[in-house]
Amino acid sequence: MTEASHNAEVETRGTLLVVDGHSLAFRAFFALPVDNFSTSDGRATNAVWGFATMLAQVVDAEQPDHLAVAFDVKGGTFRNTMLPQYKGTRDAAPEDLLAQLPLIQRMLTALGITYIEKPGYEGDDVIGTLATMGSDAGYRTLVLSGDRDAFQLISDRVTVLYPGQHFKDLKHMTPEAVEEKYHVRPDQYPDLAALRGETADNIPGVPGVGDGYAAKWIGQYGSLDGIIAHADEIKGKKGEALRENIEQVQLNRKVNALVRNLDLGVSVSDLTFGVVDVKATEDLCKELEFGARTRTKMVKSFARGEQPLTRHDTHDEHEPAQTDNALHLPQPVLIHDAAALEQWVAHHADTFAEAGPLANNCTQKGTQKSTQEASARWVLLAQGNAKPGASALHRVSIMAGDQAAVIAAPFDAALTEALQHVVTQYHTSMIVHGYKEHLHLLAAGGITLPTPAFDTKLAGYLVHPDFHADTLEQAAEHFLDIVIEAGSQEAVQGALDLEVEDSSAGDEETDEATTRILTHAAIVAALARTLSPMLAEREQTKLLSSIELPVSQVLYRMEDAGAQIDMARLTALRDEFAADARQAQETAWDCAGSRVNLQSPKQLQKVLFEDMGLKATKRTKSGSYTTSASALQDLYVKYVDDERANGFLGALLRHRETNKLKQIVQTLIDAVNPHDGRIHTTFEQTVAATGRLSSVDPNLQNIPNRNDAGREIRSAFVPGDGYVSLLSCDYSQVELRIMADRSGDEALIEAFRSGADFHRYVASLVYGVPVESITSDQRSHVKAMSYGLAYGLSTYGLAQQLKIRPSHAEELKKKYFATFGKVHDYLESLVADARTHGYTETMFGRRRYFPGLHSTNRTVRDAAERAALNAPIQGSAADIMKIAMIRADEALRTAGVASRIILQIHDELVVEVAPGEADQVRSLVADAMEHAVTLSVPLDVSTGIGDDWQLAAH
DNA sequence: AATGGCCCGTT
DNA sequence: GACGTACGGGCCATTC
């Protein structure tokens with residue numbers, strides 16, 4: 001069959017999913033506890049439920065249009081005749097599992113899914129045959145199996161979905177993935193397995209020979225036959241072992257070869273599905289006592305619904321009209337060397353050179369100009385691991401117009417240089433999705449990525465800050481109204497395969513990874529076309545170019561640098577907290593008289609409110625009695641005379657605190673990169689709806705700071721090699737200063753300009769007494785009021801926090817707003833404006849939309865009002881800090897110092913300081929922060945420097 | 001295995 | 001009757 005006829009069929013045929021029924025049933029059975037999954041009369045249902053839900057998951061993700069499940073049949077196969085001990089360890093399949101196999105098959109029948117068994121053969125042979133049939137007939141064929149024997153079926157058309165530790169993260173085993181992991185081709189895999197043996201199947205290999213040696217020999221001699229022919233040449237113990245076990249290995253090889261030409265009496269086109277027998281499904285679910293949720297999920301997943309690539313009928317008049325949302329996959333050219341890349345780029349030079357940088361004043365009416373501009377740009381898309389401290393570059397695609405170059409690792413020096421040249425020369429017309437991630441990816445390949453013209457990830461965030469897409473497919477669905485099921489590209493694959501012949505150098509194959517990167521590049525191009533005019537229309541373009549893109553660069557450097565950890569200090573703290581927690585637990589258990597799990601709210605509820613008979617007050621959202629720290633504290637005071645309850649509560653509170661600290665420290669220990677002893681967090685730039693950053697893996701923005709015990713953890717953050725101290729710089733009361741500036745309230749402005757103790761000064765105004773006579777209670781009450789302002793707090797909330805009567809809180813609030821009238825008006829105006837415009841804006845024009853303000857539900861509306869009040873204040877503070885970061889980073893680099901910013905905690909920057917640079921760096925960073933923006937009040941920055949983060953506090 | 005609820009750390 | 005923003009994340013219980 002020629003390439004062309006193959007391709008024509010790929011276009012009309014679709015995806016075939018072949019499932020190893022036993023493998024999936026085993027997996028489900030051992031993953032789910034029988035105890036929790038059985039009928040009231042004691043029959044186990046865990047394998048049935050697990051099988052159905054796992055299969056539904058895969059079908060949802062891959063969207064096959066043909067599906068078959070293969071099963072073994074009772075009784076021996078030809079393999080047992082050859083190898084009596086074959087699968088000896090497996091024959092002990094639990095009765096509980098065996099009993100469920102017929103139920104699984106009944107379920108499949110009800111769901112309209114074909115299952116196949118062939119007496120005398122294993123399910124594996126049925127799978128081998130089906131995969132071969134699918135591949136020959138031009139289907140994209142997927143084999144779901146946890147059995148590695150299936151790897152021999154892998155080709156450019158056949159991918160094995162192999163479950164990892166978590167079933168959810170199925171590995172897509174392509175020829176490339178097999179070679180990466182085992183260093184042999186898929187067709188050589190059975191040779192490797194024969195040498196190594198298979199413990200799971202009770203098949204011994206050559207003693208002492210594992211994947212490594214097997215692959216080495218196969219590489220040397222080409223195949224098992226080659227190895228056997230040259231067995232005498234192999235030296236050492238391993239060679240000896242090989243020669244002694246040749247017969248065994250040859251037998252293994254015979255047994256592990258899958259039969260691929262059985263007569264199953266069906267053709268692939270018979271294996272469609274989608275017609276669910278709803279009645280039968282419901283009956284079976286009822287019989288097995290599955291819930292309604294499971295029933296609906298089954299029908300939803302297996303009844304044929306939408307095509308993989310469809311348009312929604314919805315349209316939103318806010319959005320620019322989309323005349324053409326279809327994804328056009330570019331024609332790919334696979335590039336292997338610098339010359340080919342240079343030639344390709346030269347050939348498309350007009351596309352690269354034509355468009356200039358994205359103009360800042362893109363507010364002109366027409367979406368036309370912007371659309372043209374965007375389409376004249378080019379997309380850079382890299383794949384790999386963008387984890388800070390462990391980045392790797394696997395593949396790069398460059399898409400210009402309807403053409404794309406794809407370059408796969410390894411990148412030699414010349415190719416790297418050529419790629420560097422392309423991005424350096426043409427970055428002002430470059431589009432990326434996630435500049436920060438691409439900085440990591442390309443840096444792993446030795447390439448520095450200059451600032452792009454456009455970033456679809458950042459643009460999407462600026463346009464819809466409340467929407468967060470985890471994947472590019474989700475972004476496409478949200479912004480383009482295109483549904484692309486993850487991993488399913490068949491609807492666009494036809495075009496791809498047809499093109500590759502003309503444009504590729506020769507015998508290249510477009511594998512799954514290439515298809516994926518091209519699909520993604522096409523999505524990014526389409527996103528840019530849509531988002532560029534939206535960004536302009538919403539006046540967010542300047543934020544992208546002046547704040548978000550530059551700060552991405554700073555964040556990349558911070559993540560790359562990481563924070564040095566004193567591991568000895570951390571383990572010592574962990575042990576200390578662990579000992580405290582254990583002691584508290586012992587005490588609590590003694591008081592309770594049982595070994596209650598102190599980390600289980602449910603168990604605690606029973607002990608406290610049933611066994612001990614304590615009178616609970618507050619409830620959780622779902623109606624149960626809360627065991628929150630504040631509730632426990634209330635009970636602790638209330639039952640001061642009940643020795644047993646009081647003792648338990650005290651110990652429980654101590655355990656809560658110390659155990660939490662232990663857990664935080666352990667998380668940090670686990671996050672330390674063994675290569676450099678540092679923690680490389682990831683700052684999320686597109687998650688927080690207000691414009692703030694967030695920090696994950698690990699979160700370094702919530703390291704304890706409120707009490708001494710927790711604060712100790714900060715002492716483990718230290719300067720690394722070549723550095724001598726840590727500098728901490730933070731804004732004092734930024735949000736209040738923003739309120740003072742925006743409201744124009746003279747009294748509050750004066751309070752900041754006076755330079756006095758701010759809260760004391762404010763208290764004296766509020767209470768109308770001299771500064772000297774302000775009590776510490778008065779000061780702290782006013783302080784809480786001030787901070788509560790920006791959160792839209794209620795008098796009730798204020799009263800609770802300060803443990804005062806609501807009437808007292810009410811009075812405080814009245815006095816406060818009487819003193820600072822314009823602040824009150826300003827806060828009201830924020831909500832009012834949000835109601836009229838539908839959104840709030842920060843000082844720099846960052847928007848957040850609030851549909852909830854018009855909700856008829858009071859709770860929803862109140863929450864929206866608080867958020868609308870808070871967003872411009874918190875968001876302006878976030879903008880200011882981002883500008884400060886850009887300026888501080890720039891100042892440090894221009895000054896040529898080695899000191900560098902390593903952390904941001906919303907209003908604080910932590911800087912790692914090199915020898916002799918302390919004073920200079922302190923002044924550079926503080927200055928950048930103080931002058932990030934000019935307000936009607938000064939922006940105060942307080943600084944501290946020390947041998948660790950704790951000592952740098954001030 | 002996957003998910004939701006609870007609780008709690010920061011600003 | 002609820003009742004302060006914005007987050008990330010660990011652990012438990014549930015699923016049937």
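Labels below follow one simple rule: chain letters A, B, ... track the order of the sequence lines, proteins then strands, and each chain is numbered from 1. Source: prediction; values computed, not measured. Side-chain atoms are counted along with the backbone in the values below, which use heavy atoms only and exclude waters and symmetry mates.
The side chain of T620(A) sits closest to dC6(B) out of dC6(B), dG10(C), dA6(C). The side chain of M54(A) lies closest to dA1(B) when the candidates are dG8(C), dA1(B), dC12(C). Of the candidate nucleotides dC8(B), dC3(C), dC11(C), dC8(B) has the atom nearest to the side chain of A629(A). Which of dA2(B), dC11(C), dG8(C) sits closest to the side chain of K168(A) comes down to dA2(B). In the set dA6(C), dG4(C), dC7(B), dA6(C) carries the atom at the smallest distance from any side-chain atom of A688(A). With dG9(B), dA13(C), dT15(C) as the candidates, the nucleotide lying closest to the side chain of P704(A) is dG9(B).
At a threshold of 4.0 Å, the pair K606(A)-D611(A) counts as salt-bridged, since one of the basic side-chain nitrogens sits closer than that to a carboxylate oxygen. Between D879(A) and R846(A) a salt bridge is recorded (basic side-chain N to carboxylate O distance below 4.0 Å). With respect to the salt-bridge test (charged N to carboxylate O, under 4.0 angstrom), the residues E576(A) and K662(A) do not qualify. Using a 4.0 Å cut-off between charged nitrogen and carboxylate oxygen, E810(A) and R805(A) do not count as a salt-bridge pair. Between R711(A) and D708(A) a salt bridge is recorded (basic side-chain N to carboxylate O distance below 4.0 Å).
Atom CG in L661(A) sits roughly 9 Å away from atom P in dT10(B) (whole-Å rounding). The OH atom of Y816(A) sits 17 Å away from the P atom of dG4(C) (whole-angstrom rounding). N705(A) has its CG atom 21 Å from the P atom of dC7(C), to the nearest Å. Here dA2(C) presents its P atom at 18 Å from CD of E865(A), a figure rounded to the nearest Å.
Between H906(A) and the phosphate of dC7(C), there is no side-chain N or O to OP1/OP2 separation shorter than 4.0 Å. The shortest distance between the side-chain N/O atoms of S600(A) and the OP1/OP2 oxygens of dA13(C) is below 4.0 Å. OP1 or OP2 of dC7(B) has not a single side-chain nitrogen or oxygen of R656(A) nearer than 4.0 Å. For the OP1/OP2 pair of dC6(B) and a distance below 4.0 Å, the side-chain nitrogens and oxygens of S628(A) include no atom meeting the criterion. Between K621(A) and dA2(C) there is no side-chain N or O to OP1 or OP2 distance below 4.0 Å. Put simply, N597(A) has a side-chain N or O that comes within less than 4.0 Å of OP1 or OP2 on dC12(C). Considering only side-chain N and O atoms, Q874(A) lies nowhere under 4.0 angstrom from the phosphate OP1 or OP2 of dA6(C). Neither OP1 nor OP2 of dA6(C) sits under 4.0 Å from any side-chain N or O of S694(A). An OP1 or OP2 oxygen of dA6(C) is reached within less than 4.0 angstrom by a side-chain nitrogen or oxygen of R848(A).
Contacts of S695(A) with the nucleic acid, taken as non-hydrogen atoms under 4.0 Å apart, involve only primed sugar atoms and P, OP1 or OP2. Within 4.0 Å of T39(A), counting heavy atoms only, lies no atom of the nucleic acid at all. Using a 4.0 Å heavy-atom criterion, one finds that F37(A) contacts the bases of the nucleic acid, with or without backbone contacts as well. Here Q800(A) lies out of heavy-atom contact (under 4.0 Å) with every strand. If you check every strand for non-hydrogen atoms under 4.0 Å, L789(A) touches nothing. Residue-level contact check: T795(A) touches neither bases nor backbone, having no heavy atom under 4.0 Å from any strand. Here D907(A) lies in heavy-atom contact (under 4.0 Å) with sugar-phosphate atoms only. Using a 4.0 Å heavy-atom distance criterion, S38(A) is classed as a base contact. Here I905(A) lies in heavy-atom contact (under 4.0 Å) with sugar-phosphate atoms only. The residue K660(A) sits close to a base: some heavy atom pair falls under 4.0 Å. Using a 4.0 Å heavy-atom criterion, one finds that Q801(A) contacts the bases of the nucleic acid, with or without backbone contacts as well. At a threshold of 4.0 angstrom between heavy atoms, the contacts of D697(A) are confined to the sugar-phosphate backbone, with no base atom among them. Nucleic acid contact class of R866(A) (heavy atoms, under 4.0 Å, all strands): sugar-phosphate only. Residue A877(A) is classed as having no contact, given no heavy-atom separation below 4.0 Å to the nucleic acid.
Scanning atom types as modelled, one donor and one acceptor separated by under 3.5 angstrom connect the side chain of N702(A) and the base of dG9(B).
The closest donor-acceptor contact from the side chain of T53(A) to the backbone of W49(A) lies under 3.5 Å.
Within the cation-pi definition used here (under 6.0 Å to the ring centroid, within 45° of the axis), R742(A) does not qualify as a partner of Y826(A).
Here the separation of dT5(C) from dG4(B), taken at their C1' atoms, is 23 Å to the nearest Å.
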So H781(A) and Y816(A), ring-ring contact (aromatic ring centres under 6.0 Å, His included) or not? Walk me through it. CA-CA 11 Å; H781(A) 288 189; Y816(A) 196 100; over 10 Å; no
